[in-house]
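The structure appears below as structure tokens.
Side chains included, hydrogens not; waters and symmetry mates left out as well; all remaining heavy atoms used. The sequence lines fix the lettering, A, B, ..., with proteins before strands; numbering per chain opens at 1.
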Amino acid sequence: GSKATEATQTVATDEAATEAQTEAVSEEAAAPSGDFNPDEEAGVSIEEIRESNGAVPVKAGTKAGVVAKAFENEYWRTLKEGYEAGAKYITDAGFEVSVDVQAPQGETDEQGQLAIVNNMINQSYDMLLLSPISDANLTPAVEVANEEGIPVLNVNDGLIAKAPYFVGPKAYQNGELAAEWISDKLSGEGQVAIVIGMPKAFAARQRTAGFEDWMGSNASGIEIVAKQNADWDRQASKELAETWMQQYPDLKAIFCNNDTMALGVVEAVEEQGADIIVVGVDGIGEAYTSIREGKLDATIDSFPYYKAQIALECGLRAMAGQDVPRVVWTPQALIDSTNVDANAEEIINWTPAEYVAE
Amino acid sequence: MGNAVEFKKINKRFPGAHVLKDVTFSVKDGEVHALLGENGAGKSTLLNILHGVYAEYEGEVLLHGNKVAFKNPNEAIVKGKISKVHQETNVVKDLTVGQNITLGYEPKKGVFVDYKELNNKVDNILTQLRCKFKSSDLAGNLTAGEMQMMAIAKALFHESKIISLDEPTTALTLKETDALFEVIRQLKKDGITILYVSHRLEEIFQICDRASILRDGQYITTLNIADTNRAELIRNMVGRDVAAVAGRTKSGIKQKEIVLKVEGLSSGRKFQDVSFELHRGEIVGFFGLVGAGRTEVMRTLFGADKKTAGRVFLKGKETHIKNTHQGLKDGIGLIPEERKTQGFINLQSNINNVALSSLERYMSGIFVDDTKRRENCEKYIQELEIHPAKADFLTSNMSGGNQQKVILAKWMSTDVDVLIFDEPTKGVDVGAKVEIYRIMEEIAESGKGVILVSSELPEVMGMSDRIMIMSEGRIAGELNREEYYEDHILNLAIGGNDNE
Amino acid sequence: MSNFVKSKKRELVVIVAICIMACIFTILNPIYMTGKNFLSIMQQATINGILAIGMTYAIISGGIDLSIGCTFAIVIVTVGKMTVSGLNPVLAIFLGILLGAAMGAINGLLITKMKLQPFIATLGTMSVYRGIAYVVTGGWPVLDIPDAFRTLLSKRISSLGGVNIYMFIFFAVAIVAGIVLAKTKFGNYIYAVGGNEEAAKLSGVNVDRAKIKAYAVTGVCAAIAGMIQLASLGTGEPTAGSGYELDAIAAAAIGGTRMAGGKGTILGTVFGAILLAALKIGLIVLNVDTFWQYIVTGIIIIIAAYFEFIQEKFASIVAKKEVK
Amino acid sequence: MSNFVKSKKRELVVIVAICIMACIFTILNPIYMTGKNFLSIMQQATINGILAIGMTYAIISGGIDLSIGCTFAIVIVTVGKMTVSGLNPVLAIFLGILLGAAMGAINGLLITKMKLQPFIATLGTMSVYRGIAYVVTGGWPVLDIPDAFRTLLSKRISSLGGVNIYMFIFFAVAIVAGIVLAKTKFGNYIYAVGGNEEAAKLSGVNVDRAKIKAYAVTGVCAAIAGMIQLASLGTGEPTAGSGYELDAIAAAAIGGTRMAGGKGTILGTVFGAILLAALKIGLIVLNVDTFWQYIVTGIIIIIAAYFEFIQEKFASIVAKKEVK
Ligand SMILES: Nc1ncnc2c1ncn2[C@@H]1O[C@H](COP(=O)(O)OP(=O)(O)OP(=O)(O)O)[C@@H](O)[C@H]1O
Ligand SMILES: Nc1ncnc2c1ncn2[C@@H]1O[C@H](COP(=O)(O)OP(=O)(O)OP(=O)(O)O)[C@@H](O)[C@H]1O
Ligand SMILES: [Mg+2]
Ligand SMILES: [Mg+2]
């Protein structure tokens, strides 16, 4: 257990590192910051908040509305479980709260997601925890919620500039963790490639930028030979990898913007019997299994199960009028064969919150 | 009197066919000029050139002495004041009659179409033509005859000085035909020149002044109708003498065995309580006015429509035909009345169209054998004198009469016991008509039952062993050969119910 | 006159369907029948409704336009950029409409002059237009759309109980598009071209021009819908509108537009869009499992399309009776 | 004989297009013209190719099937579950094909018996089928597909230079589907029904049965493609196949299938799929910016579709010359 914890970089609390990385953010990566880029904000971890604000005040009968991106994706289903677990903790602690988690039909149903939030406002939910499909599609509803004084928390990974709070991991750091690990394994030498998700997505951009920037400034021997989009799709990324393996016989590693794509790449690599390091992001169950089987090399888990609980906790604090920072970082960690069997709660030092009546 | 139209050395080529060869003749101002010829002689093609449908051709066309070259039919209508009533009427069924007639030239009030004005104008023309339908009726609800009138109304709307009618009467009842002739005479009085194409020679004698004859794409001659006769016209068209009357050449081919027996067949409001019997070797005619429901009865027998009551016995056994496929398997075939839309597959060659209903005949194992199919097709091309005599030719590119022969070949390739001919000689030239009568008789002789649905009284009377007369969805009467009197038949067809 | 009633029969069927659905939803959750919820439905129907109105033009003319979602996106990002750069909002709207018309016209040109099949032509431009939207923005959203522009097209009017201004735009577009289709020569030609292209051509209708114009209208509607979304979100994303074409087609089809062309009305399409919105909001209000929402939506589309058939059958029986 | 050449003219045009494209890519990056890369192209054409073969049946019959991507997904997850639960792989494949046929037949039934427009019917089932795939799995992927199943459908054969077994399945499907379409009664009927439904009906063709069978074939192809993807990825996701229907339509259209029905060949479709795969890989090999890939792909689709027109013109000119 302890060795695993050591090997992992639980960076959420590492303030110095945060600052350094903020400076390293390139011009390109900073582009969406017209208003707001959480990766550039001085975020705070939940431990710090608990330290300064104490136990979580709960108003009995609180109705929390959660809108996720799409249940088609395991990541969002895990997040949902996290919310429900959080609600159960609070109920077990003797407070009556309810959490409704809804999602639209697929990750392209922007209007549908907006309708869900509107409906929650119509039905007078006490707080809204939103993970928008795009950076903008929920804006009209958020404007109304702000007017009506309903606290809105933006839970990663779409960005709502108008929401007063953001809860999520640092996407940029995602890429950095992967870059550092790969560079380490390759001893700073060799060709690597990146499979990006939808080219627009904030997460995809930041993960890619973090990876490229880190390599650029820390590993001059590593050459990023290709970078292509696979739309978060397993088959597409597998096909990409197949082509690359023909084109770049010396390819040493592939970084994928999420696990689904990484698992597609793994299939291609296995099929050809090639020796290529594959790293993904998200930490879905299948990725863990694959790491255990020695296929996938690493993933960066952002622990949606706990992220949800943190978001819920921050929501309750905000409702009670506590001082919650603009950006709350949630933990993330690189998982490889060394710590794949370690307990998640140990890896991120998780302790459940304590609750008091408001 | 000057010349309304002059054709000078017109040549037209299609991929694979030289269709018009040095055609030269003229049409006088204000006459009704017939254009005659066998199927595929090039009549429609010549009219298409005149009306700008085909802009590419060799030779010259003169209107009232001036050379013209219309780029499209619309230019011909508007600039040349020359309109064509199509062989296959072109109607937008979801628009009203008025919208169809004025299409492209609607009266406007501001930015909007002025429907009041439009309907007024059109209704005026329709009254002039003594039509029963109104400008605001949906065009899709018109009968074929009414659509034809609509097309003429359209020509008048554009104040055409020359109007071409390409087989206008094929889809019309006797009554409608009479009305049409009345209109043509009226138009002639108004100084309008008319080009008239028809395969019904009696019509030519009724209304035409002169006739120009084409054969195989070549101009043969122009005759004064007053100075000629039927036989001369036919000789010029065909190149030899043909006895072009509907009549039986064989007798006593009717057999004892009843091949088809229909009892109280009904289909909703379309027709009710139709009963009759058909023997092997017998030709039974079905006569009636358009809308009498004959086609519906035949479609129902074949399985194309659903029956609501009644029983059908084939070869003594009751059948429950649910669809056309089963109809075919049980031994009924139908040659449909709408050749272009119901008869053949546009994109396919004669081989495929001829073989479609009898594919199991050409199988080797599970595959259709192309050689067998081709052989069969070529056999019928010879036997029926289909022109052009090419198995690979697209059926849709053939002339109307030859298309009909291809459809005939399709059904002759099957071995059905009952073959229904629905208006089989519609648009078919005299020679081919006789041909079709002969084939019909041969089919009957081979022991099959034949049903002939026709609106041409001479044809029904000449060919049928018995005539069933339908009126308003019911059988109004049944006559044997010795009871055939034109007046009696027409009477039954018009108000058969009163007589019963 | 009887023609009028007949032509509206289709819309009545859709309205009945909407009412039945609304009743069921209300019984299951009374919240459904509140004013606010009604507003939600109308708002939800707006963007799809406007897109579907445009789609109706393309379909009636005998074609289809798969690229509208991408036209939508291009207009969003370019108008977004224009307003951000300080262009007069009214001028920006005007230019946006022009842009939509141009992109629609390109589809029309491909279809008429290059004789491409509409499905394939617009499948191609769908990809091209999406790419352009990405290239123009580098994939980044256009942020901070000025309020001057936003309030022009999207503003909750509190005095009217929170009705948003764009709902009126929706109605205005519907009325104008409906009148143009039903009352002008151009509208007439579109029906004629879609109903029987050959006949229209022989009547001297400039078929190509009618089609190009029809697609231009489709593009204009996409542009208007795009600008409304831009105004309401305050951000313009190059990814916007993907998949919207199918919703628009569904709305048009449910509203009785014949996919083969020549038949359909704007009123029907508007009700089709409202039906889809009412369904979606109903499923949300009832908190139906997302996965089941797919199933229910699909079944409703099928049933609604089936109404078309039933109603035509019914109409033909009625028509026959009248004759007798 | 001349008929044979004429009927293959279309395919020749596509082949020429592929060659031109390949030359350009090779000039820009010589890696493109290696045997291994060629293999990649063929392999990546497989799934779209098989789907497009099925789509060709639906389109030739005068319809379209938008639901294939979702049939694909349902087959993936159910066959996935069956194999995981230890069912004999061959039996599972058999059941998968049956399932695909059944889902295709449902489309066919909706279209023939309920008289729905194919576009709308399959738009509806697209949503229903997708929902079913989610409900069946609860949204979770089906993991750990046994190797016994996987190697049946996806296995690199090193002795043949790394060719994957599914490429042979692709060829087999193409050959069988091609022969069935060109040589059997059923194939003849599909062309007839798509060419002129009424005429086919009045020729004694069982139109409904031909259509239902055509959609069943479409479903079977989707099932086969799905199982290949399942085998090759080792995981079955309910989200699989979304958007694949458009690629399949594009491949069929590029290959010369007429969208209105009645015309098209399997060979053409196969080359259409290969063209799309060759293009995709070419863009990857050249490391073209993703955004530009959209634009290039769209333009290529349009150009390829335009070939259809050019080629027909060319054919008619040649025919005219023959007369003279
Ligand atoms: N598009 C075409 N391609 C090839 N040949 C054609 C085409 N259109 C017509 N033809 C040929 O031109 C010839 C003349 O046809 P046309 O339709 O003018 O004959 P017609 O005299 O009107 O015959 P009918 O009395 O049967 O209507 C026919 O042999 C026909 O096969
Ligand atoms: N496809 C159709 N659309 C609209 N009306 C039709 C259609 N087919 C037939 N009708 C109409 O239905 C009625 C019955 O037609 P039907 O063809 O059965 O009569 P018929 O006795 O066979 O006459 P015909 O001499 O035309 O063959 C007619 O009024 C006809 O105009
Ligand atoms: Mg003719
Ligand atoms: Mg009839």
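- Ranked by non-hydrogen atom pairs under 4.5 Å with chain D, the options B/Leu359, B/Asn346, B/Asn352 are led by B/Leu359.
- Looking at D/Phe186, neither its backbone nor its side chain comes within 4.5 Å of chain B, counting heavy atoms on both sides.
- Residues B/Ser413 and B/Asn376 bring a donor and an acceptor atom of their side chains to less than 3.5 Å of each other.
- The local environment of NZ in B/Lys306 is sparse, with at most 12 non-hydrogen atoms from other residues, nucleotides or ligands closer than 6.0 Å.
- Residue contact with chain D, scored on non-hydrogen atoms closer than 4.5 Å, involves the backbone and the side chain of B/Glu360 alike.
- Because its NZ or CZ atom is both nearer than 6.0 Å to the ring centre of B/Phe14 and within 45° of the ring axis, B/Lys12 counts as a cation-pi partner of that residue.
- Heavy atoms closer than 4.5 Å to chain D are found nowhere in B/Asp369, neither backbone nor side chain.
- Interface remark: B/Leu347 contributes side-chain atoms only to the contact with chain D (heavy atom separation under 4.5 Å).
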Query - B/Asp370/D/Lys183 under salt bridge (Lys or Arg N to Asp or Glu O under 4.0 Å): CA gap, chis, key distance, verdict - result: CA-CA 8 Å; B/Asp370 276 330; D/Lys183 296 278 167 206; 3.4 Å; yes
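- The candidate with the highest count of non-hydrogen atom pairs below 4.5 Å against chain B, out of D/Leu202, D/Val180, D/Ile179, D/Asn188, is D/Leu202.
- Donor-acceptor pairing under 3.5 Å is recorded for the side chains of B/Tyr362 and B/Ser358.
- In terms of heavy-atom pairs under 4.5 angstrom with chain D, the leader among B/Leu356, B/Asn323, B/Thr414 is B/Leu356.
- With a threshold of 4.5 angstrom between heavy atoms, B/Phe344 approaches chain D through N, CA, C or O but not through any side-chain atom.
- Only the side chain of B/Leu328 has a heavy atom closer than 4.5 Å to any heavy atom of chain D.
- If you check the side chains of B/Asn350 and B/Arg374, you find no donor sitting under 3.5 Å from an acceptor.
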Requested in this report: Start with the C-alpha gap between B/Arg299 and D/Glu198, add the side-chain angles, then the distance that decides, and say whether salt bridge (Lys or Arg N to Asp or Glu O under 4.0 Å) holds.
Outcome: CA-CA 12 Å; B/Arg299 285 176 60 95; D/Glu198 184 66 11; 3.0 Å; yes
